[in-house]
Amino acid sequence: MPELPEVETTCRGLAAVLEGRRLSHVEVRRPNMRIPFPKGLAGRMTGRAITRIARQAKYICMHLDDGQVALAHLGMSGRMAITQPTTAPGKHDHVVFDTEDGTRVLFNDPRRFGLLTLTTEEDLENHKLLARMGSDPLGNGFNAEVLSAALKGKGTTIKAALLDQRVVAGLGNIYVCEALFRAGISPRRKASSVSGKRSDRLVPVIKDVLTEAIAAGGSTLRDYAQPSGELGYFKFSWNVYGREGEPCSCDPDGKDGIVVKRIVQAGRSTFFCSRCQR
Ligand SMILES: [Zn+2]
C-alpha cells in the first residue's frame, strides 16, 4: 500500500513532467474507481494547464489553471506511470493524461481502492475527503504542542492514536512502528500519557523517518528510467517493521536475547522492542 513517502515521491515525479504543462487529452476508461468519476471529468480537465502538484496527507492535488483541483488517492494498489503517448493503456490503467509536449501519465490501480475526483481551489480545504483531518506530519502545523493537545484525554494506545487520521494525517502503520521505536515509546502506552518530553521526542522522529523514506524514494526516482516509468514504490530498511524475532539494534550480537516482538493492535501488526521502548 502506498504510504505518505510514496505519495510524496509520486507527487514530485508527476510535478517534474506535468507542472506548467497543458493537458491535450484526458481519457477516463471506466465509470468509477472507489467512487464514481465526476460527470464530464475528462472534458473538464482537457485543455487545462496544471499549475501545481502538491500532496495533502495521502492525496495528490493537481491544481489546474481555471481554479479546479483534481484530487487523486492511490488507495491500496494505485500508481502513476510516466510513459510515451504511444503506450497503449492496459486493463488496469483507468485514467490517461496526455500533455501537449508528449508525455502520457497512466493512473493504474488493479484493486480500484484509489480515486480521482474534482473540486476547486476554494473548496479544497473543506472537501469531505480532507475535512476533519489532523495536521500533515511534515507540515509546520505539526509540532509537539499540537500533538500533545491531540493526545490529551485519549484512552487508546499511542499506536492507535497515531494511526487516527484526526490526530495526524496520513501516517501509516510502518511509520508509526518506526517512529515509536526511535522515540523509545512503547506502542502499548496510553496515548494520554505521551506528553511533555515524550511528545517532544516523538514529533522530530516522525518527521525524520518520513523525510528519510522520501529521500530513499527520491534516489530510486532519479533512476526511474525503467520502461514502466512507475513512480512511488521503493524499498527502505526498517529498524523494527517486519523484523519479528530478529535481534534488536540494542543487542546486535544477540547476547541478551533481545529480539523484535510482534503484537496485533486493532487488527494491525505492531513491531517493537520491549527493552528500547517504554
Ligand atoms: Zn532494543
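Counting convention: from 1, in listed order, for ligands and their atoms alike.
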*Hey, which of F181, F271, Y175 is the one that makes ring-ring contact (aromatic ring centres under 6.0 Å, His included) with Y241?*
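Running ring-ring contact (aromatic ring centres under 6.0 Å, His included) over F181, F271, Y175 with Y241 returns exactly one hit, F271.
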*Can you check whether L202 reaches L162 side chain to side chain, under 4.5 Å on heavy atoms?*
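In contact.
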*Below 4.5 Å, heavy atoms only, C-beta onward: do L118 and M45 meet side chain to side chain?*
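Yes, their side chains come closer than 4.5 Å.
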*Salt bridge present between R182 and E178 (N-O < 4.0 angstrom)*: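 Judged by the 4.0 Å cut-off on N to carboxylate O distance, R182 and E178 do not form a salt bridge.
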*Could you point out which residue of T117, V95, L115 forms a side chain to side chain contact (heavy atoms under 4.5 Å, CB included) with F37?*
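Testing each of T117, V95, L115 against F37, the sole residue satisfying side chain to side chain contact (heavy atoms under 4.5 Å, CB included) is V95.
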*For the Zn ion (ligand 1), report each protein N, O or S atom nearer than 2.8 Å, sorted by chain and then by residue number.*
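Listed by chain and number: C248 SG, C250 SG, C273 SG, C276 SG.
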*Near D101 CG, under 6.0 Å, is it more than 12 heavy atoms from other residues, nucleotides or ligands?*
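Enclosed: over 12 neighbouring heavy atoms sit under 6.0 Å from CG of D101.
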